[in-house]
2 protein chains.
Amino acid sequence: MNSTEILPKPIAQRLSACGLRPTAQRETVYQVLLSKRDHPTADEVFARVKDVMPTISLATVYNCLEALVHHELVRAVNFERLPTCYCPNLRPHAHFHDEAGSTLDIELPADMLEQLRALLPTGYAAKHIEINFHGRSEHC
Amino acid sequence: MNSTEILPKPIAQRLSACGLRPTAQRETVYQVLLSKRDHPTADEVFARVKDVMPTISLATVYNCLEALVHHELVRAVNFERLPTCYCPNLRPHAHFHDEAGSTLDIELPADMLEQLRALLPTGYAAKHIEINFHGRSEHC
DNA sequence: CTATATGCAAATAGTTTGCCTGTTA
DNA sequence: TAACAGGCAAACTATTTGCATATAG
């Protein structure tokens with residue numbers, strides 16, 4: 001290990017750092033999202049968290065997810081009318097949703113969001129730009 | 001009027017042309033969407049259609065919208081968890097959703113969708129690409 | 001005449017809320 | 001100990017479905 005290696009901050013510190021009380025439930029929900037980057041829905045997060053914390057309630061999972069999204073530790077991803085799914089990848093990226101239901105992160109080149117912003121009329125400022133591909137992949 | 005002027009095809013013909021029975025309800029729903037391009041929700045379409053056809057049901061509005069979307073006369077637009085709204089603009093465009101709840105079409109340059117498609121790994125083919133801006137406009 | 005569409009009411013599913021109890025700073 | 005978070009059940013809302021009647025080709 002050299003000193004330039006990026007050491008991920010412990011979960012509890014990341015929560016505190018943005019003003020969220022680091023409760024066991026929030027830590028576990030966040031940990032579950034970070035441990036497998038497959039864009040789970042609230043129900044799926046609930047199922048995974050229950051394995052390690054059987055007393056958690058679905059409402060608390062929703063509350064934790066909402067807190068994480070609101071504090072920008074996690075992104076909520078909506079596609080058509082499907083249940084919201086959650087993504088801990090904070091780099092600018094799009095999502096590819098295939099017909100089988102899986103979701104892949106698509107990294108965006110640095111200038112892509114600027115190019116898109118340049119299309120807006122004056123007086124319009126975008127805080128967030130969401131790009132969703134829908135189609136088929138060879139994994140289907 | 002000269003012969004190069006684009007005469008919009010009557011609504012009923014457009015429905016028939018894609019294999020949809022031109023019922024009064026479908027014609028009215030489509031007419032309502034074309035007459036004011038403000039991205040109404042199903043409920044809003046229902047309210048507008050009822051003014052001219054008071055016996056229509058909400059379920060029929062949903063059915064008509066679904067038929068129009070399925071036959072690609074209309075696009076369904078989803079933003080976050082808001083109710084689906086409907087857009088008769090078939091040109092490639094993105095949507096800007098402002099914080100006050102209104103939606104603006106943003107025309108896309110010809111190469112934008114190709115640029116985005118080029119980001120996909122081999123084996124991934126996008127049928128549809130959805131781009132949503134979220135932010136503030138001076139109209140808020 | 002037969003397939004398809006409508007209208008109504010009931011069902012569904014994801015998400016949110018209210019309220020009381022437990023936990024954190 | 002005051003403010004906030006969790007657990008549970010009930011509520012809410014957008015949408016879908018089942019079924020009997022009506023309409024289009």
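Throughout, protein chains are lettered first and strands after them, A, B, ... in sequence-line order, and every chain is numbered starting at 1.
Side chain of B:Asp111 to backbone of B:Glu114: no donor-acceptor contact under 3.5 angstrom is found. When atom types are taken as modelled, the side chain of A:His71 and the backbone of A:Ala67 share a donor-acceptor pair closer than 3.5 angstrom. Side chain of B:Arg117 to main chain of B:Ala126: a donor-acceptor pair is present (N/O by atom type, distance under 3.5 Å, no hydrogens or angles). The backbone N or O of B:Ala12 sits less than 3.5 Å from a side-chain atom of B:Ser16, completing a donor-acceptor pair. Side chain of B:Gln13 to backbone of B:Pro10: no donor-acceptor contact under 3.5 angstrom is found.
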Please tabulate, one pair per line, all N/O donor-acceptor pairs under 3.5 Å involving side-chain atoms of residues 79-95 of chain A, not counting sequence neighbours.
residue : atom : partner  : partner atom : Å
A:Arg81 : NE   : B:Asn78  : OD1          : 2.9
A:Arg81 : NE   : B:Thr84  : OG1          : 2.9
A:Arg81 : NH2  : B:Asn78  : OD1          : 3.3
A:Arg81 : NH2  : B:Leu82  : O            : 2.4
A:Thr84 : OG1  : A:Asn78  : OD1          : 2.8
A:Thr84 : OG1  : B:Arg81  : NE           : 2.9
A:Asn89 : OD1  : A:Arg91  : N            : 2.9
A:Asn89 : ND2  : A:Asp105 : OD2          : 2.8
A:His93 : ND1  : A:Arg75  : NH1          : 3.4
A:His93 : ND1  : A:Arg91  : O            : 2.6
A:His93 : NE2  : A:His95  : NE2          : 3.0
A:His95 : NE2  : A:His39  : NE2          : 3.4
A:His95 : NE2  : A:Asp105 : OD1          : 3.2

Please set out all donor-acceptor pairs under 3.5 angstrom arising from side-chain atoms of residues 17-29 of chain B, sequence neighbours excluded.
residue : atom : partner : partner atom : Å
B:Thr23 : OG1  : B:Arg26 : N            : 3.2
B:Arg26 : NH1  : B:Arg21 : O            : 3.1
B:Thr28 : OG1  : B:Ala24 : O            : 2.7

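For B:Lys50, there are no salt bridge (charged side-chain N to carboxylate O under 4.0 Å, His left out) partners two or more places apart in sequence or in a different chain. Scored by the side-chain contact (heavy atoms from CB on, under 4.5 Å) test, B:Pro54 finds no partners at all (sequence neighbours excluded). B:Tyr30 is linked by a ring-ring contact (aromatic ring centres under 6.0 Å, His included) to nothing, counting only residues two or more places apart in sequence or in another chain. In terms of the salt bridge (charged side-chain N to carboxylate O under 4.0 Å, His left out) criterion, residue partners of A:Asp38 (sequence neighbours excluded) are, by chain and number, A:Lys36, A:Arg48. With sequence neighbours excluded, no residue forms a ring-ring contact (aromatic ring centres under 6.0 Å, His included) with A:Phe133.
The stretch residues 48-57 of chain B comes close to DNA chain C through B:Thr55, B:Ile56, B:Ser57, each having a heavy atom under 4.0 Å from the strand.
Closest non-hydrogen pair, B:Pro40 versus B:Val45, comes out as CG-CG2, 3.7 Å.
To the nearest angstrom, C1' of D:dA5 lies 13 Å from CD of A:Glu27.
With a heavy-atom cut-off of 4.0 Å to chain B, the contacted part of DNA chain C has its first and last nucleotide at C:dA3 to C:dT15.
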Output one line per pair: protein atom, nucleotide atom from nucleotides 20-25 of chain D, and distance, for all N/O pairs under 3.5 Å.
none

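Note: B:His128 NE2 to A:His97 NE2 = 11.0 Å, rounded to the nearest 0.5 Å.
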(request) Determine, step by step, whether A:Ile106 and A:Ile131 satisfy the side-chain contact (heavy atoms from CB on, under 4.5 Å) criterion, reporting the C-alpha distance in whole Å, the side-chain angles of both residues, the deciding distance to 0.1 Å, and the verdict. (result) CA-CA 9 Å; A:Ile106 306 291; A:Ile131 304 174; over 6 Å; no

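Direction change of the helix axis from one end of the helix from C:dC1-D:dG25 to C:dA25-D:dT1 to the other is 40°, with five pairs defining each end axis (rounded to 10°).
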(request) Would you give a per-nucleotide map of nucleotides 9-15 of chain D, 5' to 3', where B means the base has a protein non-hydrogen atom under 4.0 Å away, S means only the sugar-phosphate does, and - means neither? (result) B----SB

